[in-house]
Amino acid sequence: MSAVPDKPSLEGIESRWIGEWDAAGIHAFDRTATRDNVFAVDTPPPTVSGSLHMGHVFSYTHTDTVARFWRMRGRDVFYPMGWDDNGLPTERRVQNYFGVSCDPSVPYVAGLEPPFRGDPPKDHKPVPVSRPNFIELCEELTAEDEKVFEDLFRRLGLSVDWSLLYSTIDARSRRASQRAFLRNLARGEAYTREAPTLWDVDFQTAVAQAELEDRERPGAYHTVAFARTDESGEILIDTTRPVLIPACVALVAHPDDERYKPLFGTTVRTPLFGVEVPVLAHELAQPDKGTGIAMICTFGDLTDVIWWRELNLPVRAIIGRDGRIVADAPEAIVSTEGLAAWASVTGRSINQAQTAIVGMLRESGDLRGEPRAIVHPVKFYEKGDRPLEIVTSRKWYIRNGGRDTDLREALLARGESLVWHPDHMRHRYSNWVEGLNGDWLVSRQRWFGVPVPVWYPVLADGSVDHDAPIVPDESRLPVDPLVDVPEGFDPSARDAPGGFTGDPDVLDTWATSSLTPQIAGMWGDDDDLFSRVYPYDVRPQGHDIIRTWLFSTVVRAHFEHGSLPWRNAALSGWILDPDRKKMSKSKGNVVTPIDLFDRYGSDAVRYWAAGARPGIDTAFSEDQMKVGRKLAVKLLNVTKFVLGFGEADPTARPVEPLDAAMLTRLSGVVDEATRAFEEYDYARALERTEAFFWWFCDDYVELVKGRAYGGHGDVAAASARAALLRALSTVQRLLAPMLPFVTEETWSWWQEGSVHRAPWPTADETAAGADTDAAEELIAAICGTIAAIRRAKTEAKVSQRARVETVAITATPAELDAVRAGWTDIADAGSVDAVSWHEGPAGSLAVDVTLAPAD
RNA sequence: GGGCGCUUAGCUCAGUUGGUCAGAGCAUCUCCCUUACAAGGAGAGGGUCGGGGGUUCGAGUCCCUCAGCGCCCACCA
């Protein structure tokens with residue numbers, strides 16, 4: 001306990017209490033807690049490559065209020081933090097910062113010193129380093145960012161247990177990720193397959209369905225003629241990608257399309273390249289698109305993949321992984337003219353090749369009319385800059401119901417039994433799961449990730465047997481197959497006939513972050529801890545990553561534990577700028593959190609965040625922060641004032657009707673706030689508490705302060721003081737989850753221990769079993785009277801301090817009784833000298849105020 | 001094309017099972033330097049609750065329909 005300051009202030013309270021909380025271990029998880037008394041949060045690990053922005057402040061505050069609520073309710077709160085530093089953005093920064101590139105063929109060097117630390121010269125050629133060295137450099141660089149993140153989250157007042165910190169690339173995460181993958185593999189839930197895959201030619205990596213986005217791009221329909229091989233005419237097709245003509249393997253039209261029915265089974269020759277391809281029928285061909293007949297290429301889009309697979313067509317791949325036309329012409333191109341045409345496109349970029357082919361088509365007369373410009377959606381990797389291509393390669397997949405009805409049903413059922421906040425978010429989940437069209441592709445051709453923990457036998461002829469992967473024992477994890485050697489092999493057997501070769505890929509970043517409950521809970525490393533926290537109580541996250549993070553986490557938990565990973569999912573909305581657009585850096589409308597903390601205080605920023613309904617997009621509003629700051633300042637001042645009346649007589653009871661009614665109202669607020677928090681509706685809890693608090697300050701305290709000073713005797717004073725202190729204690733605790741700093745500050749002036757470990761208030765402790773309606777009627781009558789007196793003074797343009805000669809009250813007998821019960825307080829607060837009482841019919845409550853003549 | 005959400009004072013939004021629900025904050029205007037707080041306080045004005053129809057004694061609150069906005073998914077020759 002510390003003394004009440006003369007001039008209460010918010011200055012410096014954040015750094016002071018952050019330090020105190022750390023020292024006292026207020027947020028530490030008790031590892032002896034049993035699961036039924038734990039509240040476990042599967043905290044989203046923010047991506048470290050950027051900087052924290054208001055969106056983070058917003059959503060993490062929501063979670064923190066709930067965590068603080070449950071801590072006060074007596075739960076042992078498991079509230080870890082993680083950093084998502086595993087992935088592409090970090091790789092790019094490391095390359096640019098240290099002047100290195102990752103080359104898995106380079107041997108590991110212990111204690112490697114990178115050529116630069118920051119700003120290599122422009123002409124510097126990146127120095128190749130091994131994958132383990134590269135990962136070490138990634139870790140070094142992200143460590144600095146992570147310190148900044150931690151400081152910001154502490155400043156925000158998150159009640160995280162920082163001893164539970166992890167990062168998605170650290171050894172613990174790699175171990176959990178590889179262990180889970182190996183178990184998926186052992187159970188047949190992970191498999192490897194050679195298949196066409198969406199490919200980003202810049203990042204040079206495969207991309208999963210969940211990472212796609214459509215972007216509108218300009219294109220053009222080109223009408224191209226295919227000659228029938230029986231010389232009976234030609235078929236016109238429309239295509240936006242004539243560049244793929246050398247990859248054409250068939251034409252396709254709808255089976256019911258009368259225009260093309262006679263042609264099914266016949267063949268045509270591709271223009272320029274002279275390859276004979278069949279004309280086929282398939283339901284997916286749309287008669288109203290273009291000319292109604294399309295060319296199938298390997299591969300132009302995902303529909304091509306379906307046609308290719310279902311019609312058993314050959315592969316004529318022409319686009320390489322670097323986004324250029326490959327060197328070798330498809331075997332089907334044999335004619336002199338065809339090979340000549342090929343020679344003019346090979347090695348060129350897709351755009352260059354397209355231009356060249358259009359030119360040749362124009363020259364040969366196979367292009368009919370001019371290309372017609374259109375704008376159409378094209379698939380992109382969400383982080384990518386160029387349209388995705390489709391290449392065939394061997395990749396690892398984890399089953400997710402995209403190809404298996406039973407699994408899909410099981411995962412849909414998981415989504416059904418999850419409690420969603422708000423509830424309608426469940427549709428995003430089922431919508432996504434029902435729309436899956438393939439399993440989850442988890443191989444990525446990157447370096448700063450968790451390696452796929454398998455090797456493959458190299459056969460005597462030098463070929464690799466991908467169907468018999470060699471796996472490490474779990475006790476060895478994490479492993480890097482490009483450095484570590486499988487059991488029973490000598491390092492010299494690497495890539496040698498009869499030896500082994502390591503899988504060069506890493507796992508998709510979601511393949512690791514889908515295991516955050518397991519990682520944070522130390523699954524496999526400390527199963528005792530894990531059993532105390534799993535399944536978690538809540539997964540808080542943004543609604544934009546339901547299809548990725550939420551779904552993939554459900555998949556992994558379903559396979560590994562046969563359960564949901566959490567009981568609740570709490571989805572937060574977006575931060576919008578005041579123009580109702582999503583805030584983004586490019587528009588220059590981003591404000592840094594630290595600046596706002598400095599200007600308004602952390603509590604005020606939290607107040608703004610906590611005012612947003614769960615899952616609702618919310619406008620960024622400094623006005624709300626100003627209001628939050630006012631609230632915090634008000635709490636300082638009213639606490640100082642109330643404590644100034646002196647300590648409560650422990651035997652005193654709030655016997656005065658107004659005092660009891662105030663506490664009865666407060667008990668209702670406690671009930672509502674508690675219920676709201678139990679349903680993750682921190683905003684409702686705040687709103688109710690705040691509304692009470694302002695009424696308490698503006699009306700109740702004003703009414704009773706004269707009495708509390710002792711102006712009407714000791715008994716009446718003791719009643720007021722007891723009620724004031726009881727209410728103060730309750731309000732401070734109700735506000736503690738949202739305003740942790742100022743509540744702790746004011747609590748410390750008169751209470752022992754942290755408010756954040758104080759018991760959450762109950763309705764019983766303020767007013768057990770009181771008559772709510774009667775209390776509200778009493779309050780309405782008394783506050784209505786004082787309001788009328790204030791209004792009269794305002795209208796007369798005199799000070800509120802001005803004396804009132806007399807007040808005539810006309811009301812029903814019951815109302816008159818209520819006003820009488822509070823009359824001494826009203827007379828004090830309104831400076832009223834005399835009163836007269838007049839009975840009237842219902843609805844007649846009138847307060848006639850006669851002001852005293854001015855001096 | 002399918003799914004979901006939103007539409008209440010100038011602005012941002014509350015209105016939990018239909019009955020003082022027509023509200024809050026900001027903004028605007030008026031007044032008050034009152035001894036917790038002038039980076040305060042006391043008051044005022046302002047909305048036919050998107051349009052239309054229906055159920056009901058009674059509907060922002062339930063049903064149907066239309067319109068606008070937003071998001072997710074699908075399509076993408």
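The figures here come from the full heavy-atom set of this structure, side chains too, leaving out hydrogens, waters and symmetry mates. Proteins get letters first, then strands, A, B, ... in listed order; numbering begins at 1 in each. Worth saying up front: this structure is predicted, and the values here are computed from it rather than measured.
- Each of A:Arg675, A:Arg613, A:Glu672, A:His421 was scored for a side chain to side chain contact (heavy atoms under 4.5 Å, CB included) with A:Asp681, with one residue passing: A:Arg613.
- Closest contact between the side chain of A:Arg801 and the listed nucleotides B:U35, B:C75, B:C37 involves B:U35.
- The pair A:Glu679-A:Arg684 fails the salt-bridge criterion, with no side-chain N (NZ, NE, NH1 or NH2) lying under 4.0 Å from an Asp/Glu carboxylate O.
- Taking 4.0 angstrom as the limit, A:Thr303 places a side-chain polar atom (N or O) nearer than this to OP1 or OP2 of B:C76.
- Residue order along RNA chain B, read from the 5' end via each residue's closest nucleotide, puts A:Ala796 first among A:Ala285 and A:Ala796.
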Secondary-structure notation, RNA chain B, from Watson-Crick and G-U pairs under 3.5 angstrom (| other strand): (((((((..((((.....[...)))).(((((.......))))).....(((((..]....))))))))))))....

Please enumerate all protein N or O atoms sitting under 3.5 Å from an N or O of nucleotides 25-29 of chain B, with distances to 0.1 Å.
residue : atom : partner  : partner atom : Å
B:C26   : OP1  : A:Lys630 : NZ           : 3.4
B:C26   : O2'  : A:Asp623 : OD2          : 3.1

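- Atom CZ in A:Arg629 sits roughly 14 Å away from atom P in B:A38 (whole-Å rounding).
- Counting non-hydrogen atoms under 4.0 angstrom, A:Lys634 reaches a base of the nucleic acid.
- By the 6.0 Å and 45° rule, A:Arg428 does not stack over the aromatic ring of A:Trp420.
- For A:Glu211 and B:C73, the CD to P distance is 13 Å, given to the nearest whole Å.
- Residue A:Arg426 is out of contact with every strand shown, counting any heavy-atom pair closer than 4.0 Å.
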Return all side-chain donor-acceptor pairs below 3.5 angstrom for residues 700-709 of chain A, not counting sequence neighbours, or 'none' if the list is empty.
residue  : atom : partner  : partner atom : Å
A:Tyr700 : OH   : A:Asp659 : OD1          : 2.6
A:Glu702 : OE1  : A:Lys705 : NZ           : 3.2
A:Arg707 : NE   : A:Asp825 : OD1          : 2.8
A:Arg707 : NE   : A:Asp825 : OD2          : 3.3
A:Arg707 : NH1  : A:Asp659 : OD2          : 2.9
A:Arg707 : NH1  : A:Ala716 : O            : 3.0
A:Arg707 : NH2  : A:Asp659 : OD1          : 2.9
A:Arg707 : NH2  : A:Asp659 : OD2          : 3.4
A:Arg707 : NH2  : A:Asp825 : OD2          : 2.9

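- At a cut-off of 3.5 angstrom, counting only N and O atoms as typed in the model, there is a donor on one side and an acceptor on the other between the side-chain of A:Asp214 and the base of B:C75.
- Distances from the side chain of A:Arg613 to the nucleotides B:A42, B:G15, B:U12 place B:G15 closest.
- Counting only residues at least two apart or on different chains, the side-chain hydrogen bond (donor to acceptor under 3.5 Å, both in side chains) pairs with a member in residues 633-645 of chain A are A:Thr639-A:Gln732.
- What separates CG of A:Asp423 from P of B:U17 is a distance of 15 Å, to the nearest Å.
- The CD atom of A:Gln800 sits 7 Å away from the P atom of B:G43 (whole-angstrom rounding).
- For the pair A:Arg791 and B:A44, the criterion of a side-chain N or O lying under 4.0 Å from OP1 or OP2 is met.
- Both A:Ile237 and A:Thr794 lie near RNA chain B, and the one whose nearest nucleotide falls closer to the 5' end is A:Thr794.
- Checking A:Leu251, A:Val279, A:Asp366 one by one against A:Phe226, the side chain to side chain contact (heavy atoms under 4.5 Å, CB included) holds for a single residue, A:Leu251.
- The minimum heavy-atom distance between A:Ala632 and A:Val742, with the atom names listed, is O-CG2, 3.4 Å.
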Let me check something: any side-chain donor-acceptor pairs from residues 293-305 of chain A under 3.5 Å, sequence neighbours excluded? List them with distances.
residue  : atom : partner  : partner atom : Å
A:Thr298 : OG1  : A:Arg316 : N            : 2.8
A:Thr298 : OG1  : A:Arg316 : O            : 2.8
A:Asp301 : OD1  : A:Thr303 : N            : 2.8
A:Asp301 : OD1  : A:Asp304 : N            : 2.9
A:Asp304 : OD2  : A:Gly300 : N            : 2.8
A:Asp304 : OD2  : A:Asp301 : N            : 3.4

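- Counting to the nearest Å, the P atom of B:C73 and the NE2 atom of A:His543 are 12 Å from each other.
- Here A:Glu702 lies in heavy-atom contact (under 4.0 Å) with a base.
- Between the side chain of A:Glu434 and the base of B:A74, no donor-acceptor pair of N or O atoms lies under 3.5 Å.
- One donor-acceptor pair, N or O on each side, does fall under 3.5 Å between the base of B:U16 and the side chain of A:Arg684.
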Could you walk me through whether A:Tyr680 and A:His62 pass the side chain to side chain contact (heavy atoms under 4.5 Å, CB included) test, one step at a time? CA-CA 9 Å; A:Tyr680 295 84; A:His62 298 164; over 6 Å; no

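- The side chain of A:Tyr221 contributes no N or O atom lying less than 4.0 Å from OP1 or OP2 of B:C76.
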Please tabulate, one pair per line, each protein N/O and nucleotide N/O from nucleotides 1-4 of chain B that are separated by under 3.5 Å, including the distance.
residue : atom : partner  : partner atom : Å
B:G2    : N2   : A:Asn431 : ND2          : 3.2

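- Between A:Glu690 and A:Lys630 there is no salt bridge, since none of the side-chain N atoms of the basic residue sits less than 4.0 Å from a carboxylate O of the acidic one.
- Ring geometry, A:Phe696 versus A:Phe692: the interplanar angle falls under 30°, so the pair is classed parallel (tilted spans 30 to 60°).
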